Each structure stands twice: as C-alpha cells, then as structure tokens.
Amino acid sequence: MGGVDPVSNIVRFLVILFLQVFIFRQVSLGWGGADYMFIFLGPLFIALIPLRTPRPLAVIFAFLFGISVDFFYETLGVHAAAATFCGYARQFALAILEPHDGYKVKASPDGKDLSLSWWLSYLAYLVAGYTIFYFSMEAFSPVFWKQITLKSLLTAPASLLLCVIMIAFLRPRI
Amino acid sequence: MEQILRILYNNSSFFTFAVLQLLCLYLIVNFNSPQNAIAAETASIFTGSIESATVKAEGYLNLDEENEIQRREIADLRSRLPESGYSTTVGIDSIEDQAYAQRFIHLTANVVNRSPYSPNNTLVIDRGTSQGVAIGQGVIGSKGLIGIVALPTENFSRVISVLHRSARVSAGLRNNAYGTLQWDGQDPRRMKMTDIAEYLTIAKGDTVFTTGFSNVFPTGQVIGTVESSEVQPGTGSQNLIIELINDPLHTNNAFVIRDLFKDELAKLKPLK
C-alpha cells in the first residue's frame, strides 16, 4: 500500500476513498444549523501520486478521485472540480518546494529522504488549494465570500492534521 | 502547426485541467440545484444587460418614426383646440339589440368643460338639442360610464357625472344580482353599490355591468370590478365597493346614448 507501483496506487485510491466517504463523511462540526468544519482526504491522495507520473495524468487521476467522492456525497462535480484544481496545482507546489539537489528520479514524494516539515508544507499547499476551491464551487458565487473564508479556515487545519496523521500509515516506501 | 502542437504538448497539464474543469462546471450546474439557480440568475443578469443595451440602441434607430408619430399627435391635438371652431359634423354610430330593432343610438361627443373637482362633479359636452340630446340620456366613454345629461341647450349639454353625489345608476352582476351605484364623494376611483341582498355571495373581482333597467345606459356596459363587500347589519343587504374601469373625470371622448324606446317604457311605470 505504501509503494509506487500501480497496484499500490490503486489500493491507496480505494482506501482513501473508503475512509473519506464512509468515515469522514460523518464528521462535520458547526453551529446554528450550518456545518463549517469538514475533513477532506482528497489532497492526501493527490499528494501521494508518484512523482514520475506525467502531469496531465496526475490531473486526470485527481479528477477520477474527486468524481468518485462526488458519487457518494451526491454533489456531482464539486469535489471533482476541487480535486482537478488540486491535481493541477500539485506541480507548482512541488516546484516551489523542490530541494536544492532535486527530487530522486524514481521516487514518489518519499518520506525517507524528505523531512516532516517538507511534507507539512507540501500538504498544506494542497489542502489549502483543495478546500478553498471546494467551498468556492459549493457556494458558486463570490457574494458568499464570508462563508467560503470561514469554512476554509476551519476545514483546512482539520484536514491537514488528518492528512499528516495518515501519512504515517500510507507514506510510500521504496 | 508544429508550434501549436508544441504549445499544446508543453501545456498539456493545463489543457487537461481546463477541459476537466469545464466538465466539472457542466456537472455542477446540471446536477446541483443551488448552483444551478445561481448560474441561471447570473446568466439572466448578463443577458438582461445586453438586451437593455440593444433595446436602447434600437430606440435610437426608431427615433425618426417616433418623431413622425408625435408630430401627427400634435396635429391632431391642434385640430381640437377651441380656435379650430365648433364641429358641426355629427358622427352617428349604432348598435342593434337582440331583437334586431334599433334601440340605442350613439352620438359622438367631446367633453369641452368640467366643473372643478368636488363631491358634485358635472361636465359639458359639445352636443345639444339640435343633435337630439335630451334630459336623462346616458353618456359613456370608450369604456365605462361618464354621466347622465341634465341640462341640454341648443349646441351644448351639461352632464351630471357618475361621480356626483346625487347620481344613481342601476348596476348588476353576472349572477343577476343588482343594486344601485352611487358615489360618496370620497375616492374618484371607487363607487359604492348598495341594496344587494345579503345572502348572495359576491366574489372579489366580479365584473359589474349596467342593467339597463333605468333606460339610461344599454344593458351590459362594463362599469368596473368588485373590490370588497360589506354586509350591512340589520338591513338584510350588503354594500359593494366597485373599482371603476375608467376615469370619468379625465375622459374626453364620449358617446351620448339615446334610447328610442324610452317613451314606450315610460308608460310602464309602476302603478301608484
């Protein structure tokens, strides 16, 4: 499950999808009849797509994950839009965080030679991109910017925390 | 061509992203009702602004035509000014009743003078005894009632408006309920209909017609619609507030109605 081979990636896809739609879908916090805090694991799957994957393919994989989540959330297209954006933004996060001597050619983002702080900032970028885009698409109009901001500010740290914890179990090892 | 392909290849992830994002937008708008509503609203705002801009532009294109229409209107109004002289042409129009015998004769008339607005309104029309106008003939507009002739002279007649506190008009509804229409001097848009039996159910918005019982107006002229009804305790009757279909105080074109059977019907007055 932690490897870079296709089977490991498919297993990871299914495990994260399962966790998202059967466990973390139940998790939501809020007040006054509205929920403001959710847990999204989509960024985790997108972060763990192997580095060698061609960029368009990474975008397509992200889209597939998002649309799968949508089928269970009954919000067809919203998660898919956020995941697609996140999959596209991944390459820029990687470019910003690239170590001085570059990534190892074979590697997926590899826990062994990349520090926890690197993982933290990498996931933070993706989680932030995912949540902001998701809530923008959910509200679908800039007039709801207050709700978008509030939901993003509450959801992003919670999702990031969960993603970092999950990394300990899913971190690919070569 | 090669350059285009190169650009496509170099930005392949972007194009994948763009295509998938468009697909997502399509799915969001078509399968999520709140987003669908927002999208429809936004689209209507955009199309609305474009439409109003085109209407404005078309308005300028039609300016010549509008100008011509206004000029004709002015010419028409000028010809109606007092200095254009007294019109001696008499247009006579007739309607036939169901027996196909001529009963009512309509005589075109113009309102030439009005009393200042008061609870007792009267007006003057430019038709008189020389055209056959007599006391008690009804005056109607192109829709609705105007009044009843009170004092005809040779060329003019004074008309008591229906908005006069002593004017009484027999009015009825489709369900054969009938009563007396009068004005209380308050609101020139509304009149009161009295003496309707209490047990009749009158719906708001019912049309009120002339009954023709008083031989002043032809049967079935629309007067207005029922606005509200109010039962009068102890009298067994109810009063209706009628919203008039026309504005009797500001109508210029009128028809004087002569009932050819009036004398015959007068012989059937109730026995004393």
Side-chain angles (χ1 to χ4, degrees), chain A residues 34-35 42 46 49 51-95 126 129-130 132-145 147-148 151, chain B residues 1-63 66 189 204-205 227-228 243:
Chain A
D35 290 332
I46 293 158
I49 295 173
L51 262 186
R52 288 172 299 172
T53 318
R55 287 164 180 176
L57 221 54
V59 176
I60 290 171
F61 287 150
F63 170 78
L64 287 177
F65 183 83
I67 200 100
S68 311
V69 174
D70 273 331
F71 281 124
F72 293 96
Y73 269 66
E74 293 170 1
T75 55
L76 199 61
V78 184
H79 273 283
T84 312
F85 174 74
C86 192
Y88 177 64
R90 186 180 103 115
Q91 55 185 287
F92 302 111
L94 285 171
L126 295 192
Y130 191 97
I132 292 168
F133 205 88
Y134 175 81
F135 290 120
S136 305
M137 281 296 134
E138 191 196 35
F140 214 60
S141 173
V143 298
F144 301 117
W145 63 273
Q147 283 100 311
I148 296 172
K151 286 179 173 178
Chain B
M1 188 66 201
E2 197 187 325
Q3 272 180 335
I4 294 171
L5 284 177
R6 193 178 298 273
I7 290 167
L8 275 177
Y9 180 77
N10 287 341
N11 296 301
S12 52
S13 72
F14 174 76
F15 287 113
T16 318
F17 165 70
V19 167
L20 289 176
Q21 208 54 252
L22 287 176
L23 176 64
C24 289
L25 276 180
Y26 172 79
L27 292 174
I28 289 170
V29 170
N30 279 287
F31 293 94
N32 299 275
S33 50
Q35 282 93 334
N36 189 345
I38 293 171
E41 181 74 21
T42 314
S44 73
I45 290 169
F46 274 108
T47 53
S49 65
I50 292 169
E51 216 151 88
S52 63
T54 45
V55 166
K56 210 172 168 186
E58 272 175 13
Y60 281 109
L61 295 178
N62 291 337
L63 221 51
E66 290 293 328
R189 289 166 298 183
K204 189 185 168 193
E227 191 176 75
S228 62
E243 194 175 0

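Since the model is a prediction, treat every value here as computed from it, not as a measurement. Convention: sequence-line order gives letters A, B, ...; per-chain numbering from 1.
Ranked by heavy-atom pairs shorter than 4.5 Å toward chain B, the options A:Val143, A:Ile67, A:Val78 are led by A:Val78.
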Below 3.5 Å only, please: all the donor-acceptor pairs between chain A and chain B, one per line.
unit_1: A:Leu76; atom_1: O; unit_2: B:Asn32; atom_2: ND2; d: 2.8
unit_1: A:Ala81; atom_1: O; unit_2: B:Gln21; atom_2: NE2; d: 3.3
unit_1: A:Gln91; atom_1: NE2; unit_2: B:Ser13; atom_2: OG; d: 2.9
unit_1: A:Met137; atom_1: O; unit_2: B:Gln35; atom_2: NE2; d: 3.2
unit_1: A:Glu138; atom_1: O; unit_2: B:Gln35; atom_2: NE2; d: 3.0

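Heavy atoms of B:Phe14 lying under 4.5 Å from chain A belong to its backbone as well as its side chain. For B:Val29, the part sitting under 4.5 Å from any heavy atom of chain A is the side chain, from C-beta outward, and nothing else.
Contacts from residues 57-64 of chain A to chain B, taken as heavy-atom pairs separated by less than 4.5 Å, involve A:Val59, A:Ile60, A:Phe63 in sequence order.
Residues B:Leu25 and A:Phe140 are in side-chain contact: their nearest non-hydrogen atoms beyond the backbone lie under 4.5 Å apart.
Applying the side chain to side chain contact (heavy atoms under 4.5 Å, CB included) test to A:Ala89 and every residue at least two apart in sequence or in another chain returns nothing.
Here the shortest heavy-atom pairing between A:Gly77 and B:Cys24 reads O-CB, 3.7 Å.
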